[in-house]
Amino acid sequence: MSELQRPTLCCCRKVLTVPGKSCGEGGRSVAHCRLVDVASASNFHCFKLRHFHLDLHLNFAVKRMTGWQVLELTPIQSGVQSLILDSHPSLLIHSVDCKVPGASGAPDVFLSLTYRVEPFTDYGSSLNISLPATVVRPHRAFRVTIRYTTTDGPAIWWLDAELTCGQTRPLVFTQGHSVCNRSFFPCFDTPAIKSTYSATVRVPEGVTVLMSASRSAYSKQDRVFQFSMEHPVPAYLGSMHSHDHSVFAHRSRVWAEPCILKCAVSKLGGSVEHWLNVAEGLFGPYVWGRYDIVFLPPSFPIVAMENPCLTFIISSILESQEFLMIDVIHEIAHGWFGNAVTNATWEEMWLSEGLATYAQRRITTEAYGEDFTCLETVFRLDALHRQMRLLGDNNPVSKLQAKFEPGSPTEKAYIEKFIFSSVIAQDLLDFFLGFFPELKESSVAQREGLEFERWLNGCGPPLCEPDLSAGRTLTSPVQHLCDLWGADVHDTEVISTFDLSCWSTFQTVLFLDRLLDRSPLPPDVMGLLSSCYSALLDDMNAEVQIRWLQIVVRNSFYPDLPRVRSFLHKHTSRMYTVPLYEDLCGGVMKCFAVEVFYQTQGRLHPNLRRTLQQILFQSSGLNTSTAPPLLASPPSAPSSPTDPPGAIALRDVNVSA
């Protein structure tokens, strides 16, 4: 098992913690060699997974799901003696059965199978099922039924009422990216394998369940929901959520708790359909039918997740119109890049996230102009360079990937060729050079700035950066104001002519990020900054406020500390709490951090509470077992591998491939 690497993040702030491994040096097509995914314990290369079905009963009282799973499999190799699936210690396996269709009209054969659960990694285990010779015959289908109960695995998030936005009723959701769904159901938990699926979900009175599925039905009498996904998807894109209020539009329904539903609908307006239309004009038909959006409570561990037909977005992002817009457009782009065509291993997550970011910027350029797209890209590039300074040029997570020029049909043809399949980097490069044979003949891969091997496997900053001069009208005022604050003598009269209330959110956060990069600042500068901006920033959204408060903390500016307290009392999402607590504990304000933590811990999700406990007490060399006792909380999972402590520091890194 290779060593886990430092996580990297995309626009939607997902964290990658487990690498995959493609075949051979330089990689070859999935079809040309046996793919290796070191994040999966399964023998997925031995079988064709045609379909799987879930039948689950939700029990909110004990926070468990109980039921069974049926997998329809066809062996593609001879001599296979076992079926190995990815699982998790939190899954309680009760029994495994098999159904083999009878030959030549004979009745079906039913068998009880032996199995064993073995350790694999800290994020999962393996379920090894013995297959009799009568079951395994090449290209003959059979079905395996696994009866099981979920407990406290990292994929399933049970929220008590006080952890929701409205604090009126509990809810549950699942988050499978990247290797968590093995704690939801046993599976080939690798993006290399795709299949259709269906589900039957039995619920208590008054509970509505959603799934990332293309079709759904509900029997009120039986309190049973039926779902089916007609297109093949990898295991990590299977998701579930309990909810009860929505507003319907043309092909997009918005789901949210009643207390935030009106705000969510008004923020999105009719924009979603417009963005979908722009994307279809660029990349071809949207194949998933519906594009519904669910706004989740602040406990949601990332900002957004591109589950097919059902995007998850954290409700905290509603404060910022521009960040909301970018996040939704990014998830829309995943409908083509990531969901329709998927990276075959997590080592090549850039094939989904990088191309989705590229597609996102194509969409924003069409919808809002090149200047806006350049502003957002400058903001992300600043974040990239900031992270590079922290990690160093030789850190392996800085490896970047191939660059593509806009304006050609290559993207539509790429989707058409690889739709509903998983690819590796060499597939994309071979396709690109095949589409432009003149580039292949001219050895384009050896041209400066286009060396594919260096993009794929070289460390350090990008070999080249895009021309962002089109955004100069938006970025120049930001840089001018930064220069004024960086001068030895501050011209307050000129500084006062810059009205941040008239700036866009991206301009303001770019300005604050650049001030943050210069911290610590002289005390007199901090005092002047506070007098100019503190009151103004109080009325702005959380993306702006957190950056100012990080400046306050990193400069130990005590007059504005009450603002930090108020912010942490209001915001309980990981994306806002972890960066501030890390900064507080990294300086001289740790006692203040502990005080605020004890005042707010009752409204924090248990996973986040544990993360903050680690930051507060282990940063001093103390074990959490020696720390003061916390509120009693029900048993829950360790921090999800998609959501490690400290990873949110990378939250804005997002540079187009």
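Everything numeric in this text was worked out from a predicted model, so none of it was measured.
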* **Trace of the side chain to side chain donor-acceptor pair (under 3.5 Å) decision for Thr611 with Arg574** => CA-CA 9 Å; Thr611 297; Arg574 181 176 292 265; 3.2 Å; yes
What I want to check is whether the side chains of [X] and [Y] have a donor and an acceptor closer together than 3.5 Å.
{"X": "Thr373", "Y": "Tyr368", "answer": "no"}
{"X": "Glu273", "Y": "Tyr291", "answer": "no"}
{"X": "Asp152", "Y": "Ser90", "answer": "no"}
{"X": "Lys194", "Y": "Thr342", "answer": "yes"}
{"X": "Arg50", "Y": "Ser195", "answer": "no"}

* Using 4.0 Å as the upper bound for N to carboxylate O, is an ion pair formed by Glu280 and Arg251? ->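 Yes.
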* Under a 4.0 Å N-O cut-off, is there an ion pair linking Arg362 with Glu366? ->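 Salt bridge: no.
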* With side-chain contact (heavy atoms from CB on, under 4.5 Å) as the test, would you mind laying out the steps for Phe337 and Glu353 before giving the verdict? => CA-CA 8 Å; Phe337 303 96; Glu353 293 301 338; over 6 Å; no
Between [X] and [Y] (judged by ring centroids, cut-off 6.0 Å), do the two rings come close enough to count as a pair?
{"X": "Tyr414", "Y": "Phe283", "result": "no"}
{"X": "His241", "Y": "Trp255", "result": "no"}
{"X": "Trp288", "Y": "Phe420", "result": "yes"}

Please round to the nearest 0.5 Å and tell me the distance separating atom [atom1] of [X] and atom [atom2] of [Y].
{"X": "Met240", "Y": "Leu54", "atom1": "CE", "atom2": "CG", "value": "7.0 Å"}
{"X": "Phe225", "Y": "Leu58", "atom1": "CZ", "atom2": "CG", "value": "10.0 Å"}
{"X": "Ile314", "Y": "Phe295", "atom1": "CD1", "atom2": "CZ", "value": "11.0 Å"}
{"X": "Ile313", "Y": "Ile293", "atom1": "CD1", "atom2": "CD1", "value": "5.0 Å"}

Donor-acceptor pair, distance only, cut-off 3.5 Å: does the side chain of [X] make one with the backbone of [Y]?
{"X": "Ser320", "Y": "Ile317", "answer": "no"}
{"X": "Asn339", "Y": "Glu306", "answer": "yes"}
{"X": "Ser82", "Y": "Ile84", "answer": "no"}
{"X": "Thr190", "Y": "Ala192", "answer": "yes"}
{"X": "Asp86", "Y": "Ala41", "answer": "yes"}
{"X": "Arg143", "Y": "Glu72", "answer": "no"}
{"X": "His231", "Y": "Val287", "answer": "yes"}

What is the minimum heavy-atom distance between [X] and [Y], and which atoms define it?
{"X": "Gln77", "Y": "His45", "value": "NE2-O, 3.4 Å"}
{"X": "Pro461", "Y": "Met388", "value": "N-CE, 3.7 Å"}
{"X": "Asn181", "Y": "Gly238", "value": "ND2-O, 2.8 Å"}

* Side chain to side chain, Leu276 and Ile332, heavy atoms closer than 4.5 Å ->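 Sidechains of Ile332 and Leu276: in contact.
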* **Test item: Leu210 and Val294 side chains (from C-beta on) under 4.5 Å apart, heavy atoms** =>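 When only atoms from C-beta onward are counted, Val294 and Leu210 do touch, with a gap below 4.5 Å.
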What orientation do [X] and [Y] show, parallel under 30°, tilted 30 to 60°, or perpendicular over 60°?
{"X": "Phe188", "Y": "Phe44", "result": "perpendicular"}
{"X": "Phe52", "Y": "Tyr197", "result": "parallel"}
{"X": "Phe173", "Y": "Phe300", "result": "perpendicular"}

* To do: Begin from the C-alpha positions of His51 and Ser198 and carry the test side chain to side chain donor-acceptor pair (under 3.5 Å) through to its verdict.
  => CA-CA 8 Å; His51 184 82; Ser198 54; 3.0 Å; yes
* To do: Determine, stepwise, if the pair Thr174 / Ser239 fulfils side chain to side chain donor-acceptor pair (under 3.5 Å).
  => CA-CA 6 Å; Thr174 65; Ser239 65; 5.1 Å; no
